[in-house]
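Data block below; observations after.
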Amino acid sequence: QPLRSFGLFILLIAASSVAFSATITSNGTGGGNWSSSAWTNSPRTGTITTLNTSTAVTGVGTLFLTQINVGSVLKTTPGGVAIGTVASVTDDTHLTLVANAASTNGGISFQFQGMASTDVALVRGGDIITVDIPTAACASLSGNNTGAGAWSLVFNAGSQLTVSGAFTIGDVGHAGTIVMTAGGYLKVGNLVSGNALSALTPGSGTIEITGATATTIPASFNTFNNLTISGGATTTGGALTINGNLQIGTGTSNFVAAGFPLTVTGTTTIGAGTGKLTISSATGAKVFDGQVIVNGGGTWANTANTNVEFHNGFANNGGAFTWGTGIQIFNTNNQSLTNNFSIPNVEIDGITLTNPGTLEITGSLAETTTGILKQGSAATLNINYPDINYPGGIIPAGITIDASTANNTVNYIYPGAQSVIPGNYYNLSFSGGTTATAVSGLTISGNVNTDLGTTLHAGDFTHFIGGNLTN
């Protein structure tokens, strides 16, 4: 008998820990605040005791931590008479109201007007719901295909809504809109389009996709402010402009830039965890206006072998790279690389690209409209590709290097024919069995070194060497 009682005790504990979930529908009378007034009443678990001289609420068998949210309104059952608005939740059996309880109650069943993190939220057409608190949460959110007209979710400044599962924007008969003009933060398991006319007004808000399941960004959501990918795979479903920052990888995550244009105006950061940016299609221009940063654990993967534009530099803080055979085009603004890179094909258009670390180019260097590759102090540039990689096998006119900064070194290391790019050098080195040919007069402020097995053809030009020539 004692063992049977013990087993029953365990069963009761297990039963009481099962997550409670209710399906709660918006009021259908125009909506209201997420914290309470937007929603119909819903029964909660357990009983409560209140005093009209106190703000304290005590529960028995209650699950306040998961079933009650700050700002929601406790009500009597039956009758739905308001007892008070929740100011804070201490634990599963204790919470505090913003004012003394409206009535004294002893061990009564109760309901609430609000939404808890385990509840399923359904929105009627025509309702406008304002996210008014920083702790708004639900298990999933969608329309229920009733009511008239589009429904909307409007974020106040400083507000946050966390949807642990799917957020389906719109339904068969109603478009849904997300309005973040004032800011706010929306965190979702994944985004799903329920209606092709659904829309996002990004304002100054941030949307985070946690990747509960794979997400394809709805095509009608063509502009974001800040976008964070913190888990799973998120793929672009149409042309996409991110006016703010793109953050990939606060967890295991992959942002896939598919066959549509992509522009990121702010900073792109990859790898605050094991984040990955994959460019999977050559269709649609891929343009990064802000700096791109790839941290340790992050991966840049241009599997489509397409050209990519950069307007404010690129930083490698320990990331991994698959550049593909496309051209990395640096244009619009003078910019800089940060730390070390090995890039196959580089094009510099009308700006100065500064290399302050170690840069190896293994495919080709192209420059148009006065583009310049500039070496920083003590930087290293390794030219590791043959002349045959140039159109017609001849170095194009106009390609120059500004390597005059003190103590930097340019190495020609391809084991074959190479033309020496015109420009001013500090230290110049030839190794790896290269056969290098000058195509113009060179000014070398420091030293020139030619390793055994390498050949340097000076040509019919005048060269100035300020330091030593070592064979």
Side-chain angles (χ1 to χ4, degrees), residues 242 244-248 262-272 275 277 279 285-302 307-324 326-385 398-411 421-428 445-446:
I242 300 172
N245 301 322
L246 172 61
Q247 171 83 44
I248 306 167
L262 170 66
T263 299
V264 183
T265 302
T267 301
T268 298
T269 305
I270 307 167
L277 188 150
I279 299 175
K286 310 302 190 285
V287 179
F288 295 85
D289 282 336
Q291 186 186 35
V292 176
I293 303 170
V294 182
N295 293 315
T299 300
W300 174 277
N302 185 352
N307 298 349
V308 182
E309 284 190 34
F310 304 96
H311 295 171
N312 271 292
F314 206 123
N316 175 18
N317 295 332
F321 297 87
T322 301
W323 295 103
I327 301 172
Q328 316 310 311
I329 302 171
F330 298 86
N331 58 22
T332 304
N333 303 300
N334 292 337
Q335 51 193 289
S336 178
L337 301 175
T338 302
N339 298 319
N340 303 327
F341 289 88
S342 177
I343 305 176
N345 301 304
V346 175
E347 180 177 312
I348 305 170
D349 292 343
I351 59 104
T352 296
L353 175 65
T354 299
N355 166 42
T358 296
L359 170 63
E360 181 170 5
I361 302 176
T362 59
S364 66
L365 171 64
E367 297 174 344
T368 62
T369 59
T370 68
I372 297 173
L373 176 58
K374 180 178 176 63
Q375 287 281 88
S377 176
T380 299
L381 172 63
N382 297 320
I383 306 294
N384 190 11
Y385 60 88
I399 293 182
T400 62
I401 290 177
D402 180 1
S404 59
T405 305
N407 301 317
N408 87 90
T409 300
V410 178
N411 301 310
I421 298 172
N424 296 322
Y425 293 82
Y426 192 82
N427 294 320
L428 185 58
S445 302

Distance check, rounded to the nearest 0.5 Å: Ile293 atom CD1 versus Asn316 atom CG? 11.0 Å
Which is it for Gln375 and Asn355 under the side-chain hydrogen bond (donor to acceptor under 3.5 Å, both in side chains) test, yes or no, and what are the steps along the way? CA-CA 5 Å; Gln375 287 281 88; Asn355 166 42; 2.7 Å; yes
Check the pair His311, Asp289 against side-chain hydrogen bond (donor to acceptor under 3.5 Å, both in side chains), reporting the backbone distance first and the verdict last. CA-CA 5 Å; His311 295 171; Asp289 282 336; 2.5 Å; yes
Measure the spacing between CD1 of Ile348 and OG1 of Thr370 and express it to the nearest 0.5 Å. 11.0 Å
Approximate separation, where rounding is to 0.5 Å, of Asn307 CG and Asn345 CG: 8.5 Å
Rounded to the nearest 0.5 Å, what separates atom OG1 in Thr358 from atom CG in Leu381? 9.5 Å
Is a donor on one side and an acceptor on the other found under 3.5 Å between the side chain of Asn295 and the backbone of Asn317? no
Output every pair passing salt bridge (charged side-chain N to carboxylate O under 4.0 Å, His left out) with a member in residues 330-342, not counting sequence neighbours, ordered by first then second residue. none
Go through it in stages, so that I can follow the logic: the residues are Asn411 and Asn382, the test is side-chain hydrogen bond (donor to acceptor under 3.5 Å, both in side chains), and I'd like the CA-CA distance, side-chain angles, deciding distance and then a yes or no. CA-CA 5 Å; Asn411 301 310; Asn382 297 320; 2.8 Å; yes
If I take atom CD1 from residue Ile421 and atom CD1 from residue Ile401, how far apart are they, to the nearest 0.5 angstrom? 4.0 Å
Using 30° and 60° as the class boundaries, would you call the ring planes of Phe321 and Trp323 parallel, tilted or perpendicular? parallel
One should read off an interatomic distance between Ile343 CD1 and Ile327 CD1, to the nearest 0.5 angstrom, of 12.5 Å
For the residue pair Phe310 and Trp300, does the interplanar ring angle fall in the parallel (under 30°), tilted (30 to 60°) or perpendicular (over 60°) class? tilted
